[in-house]
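Have a look at the structure below before the remarks.
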Number of protein chains: 2
Amino acid sequence: MTDTKDKILDTAERLIGEQGYAATSLRHIIAEAGVNLAAVHYHFGSKEELLDEVVMRKAALVNPVRLARLDRAEALAGNKPVAVSAVLDAFFAPMVEAACAHPEFVRLMGRIHSEGLMPAIAKKHFYSTIDRFVKAFGRALPDLPESEILWRVHFMLGAMAYTMLAPPLFPQIAERETDLEQRLKLLVSFLVAGFCAPPSQREEK
Amino acid sequence: MTDTKDKILDTAERLIGEQGYAATSLRHIIAEAGVNLAAVHYHFGSKEELLDEVVMRKAALVNPVRLARLDRAEALAGNKPVAVSAVLDAFFAPMVEAACAHPEFVRLMGRIHSEGLMPAIAKKHFYSTIDRFVKAFGRALPDLPESEILWRVHFMLGAMAYTMLAPPLFPQIAERETDLEQRLKLLVSFLVAGFCAPPSQREEK
DNA sequence: GTCTATACTGAGATAGAC
DNA sequence: GTCTATCTCAGTATAGAC
């Protein structure tokens with residue numbers, strides 16, 4: 001029976017979203033879920049792997065939608081490259097949609113970004129999606145060396161991570177309680193310009 | 001005598017730079033420093049406050065230089081605003097210099113960014129510096145609403161954080177072992193364009 | 001004012017009975 | 001599959017020596 005496993009996953013998702021990963025002990029999770037401590041290690045192996053599964057369930061809400069949007073944009077563009085702004089929309093619009101439909105998703109992701117867990121998580125669950133987007137950016141920006149594309153995607157992910165911080169760095173921003181949709185609009189207009197910037201000339205060795 | 005205190009600070013800085021904050025236990029630090037566990041709490045109060053002091057010593061290497069550079073750029077510009085690229089240079093060039101002169105500084109900062117500790121640290125030790133730069137960006141970009149300036153600085157800090165990740169997200173990037181100076185050049189050209197992007201029109205409520 | 005020795009609480013992990 | 005009991009190690013707190 002997977003009843004125990006699901007109870008652990010649901011409770012962990014809720015508590016981590018509310019308090020963060022580090023602040024949520026396994027003992028707190030099992031108390032609320034009404035299961036035994038050892039059951040966590042039986043089903044998941046470790047606290048970290050439990051987090052992985054919690055995240056994977058939520059990543060499934062956005063990554064397939066991102067890829068589908070990119071597919072559609074590429075089909076529309078025919079054999080011409082998709083515009084940078086369209087690639088960025090394919091990446092960020094599914095997050096806005098998921099934020100409306102599944103508010104717990106935003107809370108969880110905000111926590112994960114705030115605690116610096118995203119880089120490790122991204123490698124496990126987002127890498128293949130991001131890889132497709134790197135290729136799309138490469139086609140949209142043929143004058144940019146591939147390494148610079150990779151760095152700009154890197155910058156994008158860092159900016160996105162800080163965009164999802166809860167709370168943000170500046171109290172002036174926090175007061176307005178700008179919602180995620182608004183934040184991501186500001187982010188995308190910033191990123192479009194950044195991606196379209198001329199290549200940074202590199203010195204020869 | 002502050003001999004004990006300095007030994008703790010030096011050892012903590014080295015071990016945290018090598019292994020990260022979470023992975024470095026106080027017991028490991030005191031063993032290498034040859035001092036007693038309780039001395040840490042006597043001098044610093046907690047592990048977190050120890051980190052604060054370690055970071056503060058290193059932050060003193062860059063933040064005053066940043067402010068001095070911005071002062072000089074503003075003096076040169078007279079009563080005209082300083083160009084965006086000059087503001088960014090004043091912010092990032094001191095990091096490159098510190099990276100060359102104090103390699104342990106980069107290691108420490110990379111760890112702090114990787115573990116998501118930077119937002120909390122920034123509020124304590126970098127906020128006043130960043131605040132001056134926010135004002136400079138505001139003068140350089142008079143058409144941008146102040147809230148959008150704040151968000152763009154936010155994006156900048158996020159991109160910078162990921163730039164300093166060790167290791168970076170993509171193995172293709174890690175292989176080349178791009179040094180910090182090269183990374184920051186790529187970052188600045190990305191950011192100049194992002195900051196200079198037209199305002200994102202906001203919908204009225 | 002400084003530092004040592006020791007104890008306390010709570011964390012994640014694990015072995016083995018059922 | 002599940003649960004009890006236990007292990008190791010973390011950060012923290014305190015009493016008291018110098």
Side-chain angles (χ1 to χ4, degrees), chain A residues 1-57 108 111-112 114-121 124, chain B residues 1-57 108 111-112 114-121 123-125:
Chain A
M1 189 71 79
T2 54
D3 191 36
T4 301
K5 193 171 175 179
D6 284 336
K7 273 194 289 190
I8 296 170
L9 278 172
D10 291 338
T11 311
E13 176 183 311
R14 180 169 57 79
L15 291 178
I16 293 173
E18 285 169 10
Q19 313 173 332
Y21 173 74
T24 302
S25 69
L26 292 179
R27 284 171 172 83
H28 188 175
I29 294 171
I30 59 134
E32 297 239 342
V35 303
N36 185 275
L37 176 59
V40 177
H41 289 95
Y42 173 75
H43 285 290
F44 302 97
S46 70
K47 189 185 179 186
E48 196 184 332
E49 289 168 290
L50 167 60
L51 177 68
D52 278 348
E53 289 219 33
V54 168
V55 171
M56 196 154 32
R57 294 200 307 177
L108 182 68
R111 288 293 182 184
I112 287 173
S114 296
E115 294 185 75
L117 305 170
M118 202 55 204
I121 299 272
K124 291 180 205 148
Chain B
M1 186 72 79
T2 54
D3 192 37
T4 302
K5 193 171 177 178
D6 284 336
K7 273 194 290 189
I8 295 171
L9 279 172
D10 292 339
T11 311
E13 176 183 310
R14 181 170 56 80
L15 290 178
I16 293 172
E18 286 169 9
Q19 314 173 333
Y21 173 75
T24 304
S25 70
L26 291 179
R27 284 170 173 85
H28 188 175
I29 294 171
I30 58 130
E32 297 238 343
V35 303
N36 186 275
L37 177 59
V40 176
H41 289 93
Y42 172 75
H43 285 289
F44 302 97
S46 70
K47 187 184 179 186
E48 195 184 332
E49 288 168 289
L50 168 59
L51 177 68
D52 278 348
E53 290 219 33
V54 169
V55 171
M56 195 153 33
R57 293 200 307 177
L108 183 68
R111 287 294 182 182
I112 287 174
S114 296
E115 294 185 77
L117 304 170
M118 201 57 204
I121 299 272
K123 278 178 192 160
K124 290 179 205 149
H125 307 303

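In what follows, every chain begins at residue 1, and chains take the letters A, B, ... in the order their sequences are listed. Since the structure is predicted, the reported quantities are computational estimates derived from the model, not experimental observations.
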Nucleic acid footprint by protein, nucleotides 12-18 of chain C - heavy-atom cut-off 4.0 Å, B for base, S for sugar-phosphate alone: BBB----
Using the test side chain to side chain donor-acceptor pair (under 3.5 Å), find all partners of [X] that sit at least two apart in sequence or belong to another chain.
X         : answer
Ser114(B) : none
Thr24(A)  : Gln19(A)
Asp10(A)  : Arg57(A)

Residue list, salt bridge (Lys or Arg N to Asp or Glu O under 4.0 Å) with Asp6(A), at least two apart or on another chain: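 For Asp6(A) there are no salt bridge (Lys or Arg N to Asp or Glu O under 4.0 Å) partners, ignoring immediate neighbours.
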Partners passing salt bridge (Lys or Arg N to Asp or Glu O under 4.0 Å) against Glu115(A) (at least two apart in sequence or in another chain):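 With neighbours one apart ignored, the set is empty.
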Within residues 28-35 of chain B: residues closer than 4.0 Å to DNA chain C (heavy atoms):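 Output list: empty, so none.
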Working for side chain to side chain contact (heavy atoms under 4.5 Å, CB included), residues Asn36(B) and Ile30(B): CA-CA 6 Å; Asn36(B) 186 275; Ile30(B) 58 130; over 6 Å; no
How close or far is atom [atom2] of [N] from atom [atom1] of [X], stated in whole angstroms?
X       : N      : atom1 : atom2 : result
Asp6(B) : dC3(C) : CG    : C1'   : 16 Å
Asp3(B) : dT2(C) : CG    : P     : 13 Å
Ile8(A) : dC3(D) : CD1   : C1'   : 13 Å

For Glu48(A), all residues meeting side-chain contact (heavy atoms from CB on, under 4.5 Å), sequence neighbours excluded: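 Testing Glu48(A) for side-chain contact (heavy atoms from CB on, under 4.5 Å), a comparison that skips the adjacent residues, returns Tyr21(A), Ser46(A), Lys124(A).
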Pairs meeting criterion salt bridge (Lys or Arg N to Asp or Glu O under 4.0 Å) with involvement of residues 24-47 of chain A, two or more places apart: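 Every salt bridge (Lys or Arg N to Asp or Glu O under 4.0 Å) pair that includes a residue of residues 24-47 of chain A, provided the two are not neighbours, is Arg14(A)-Glu32(A).
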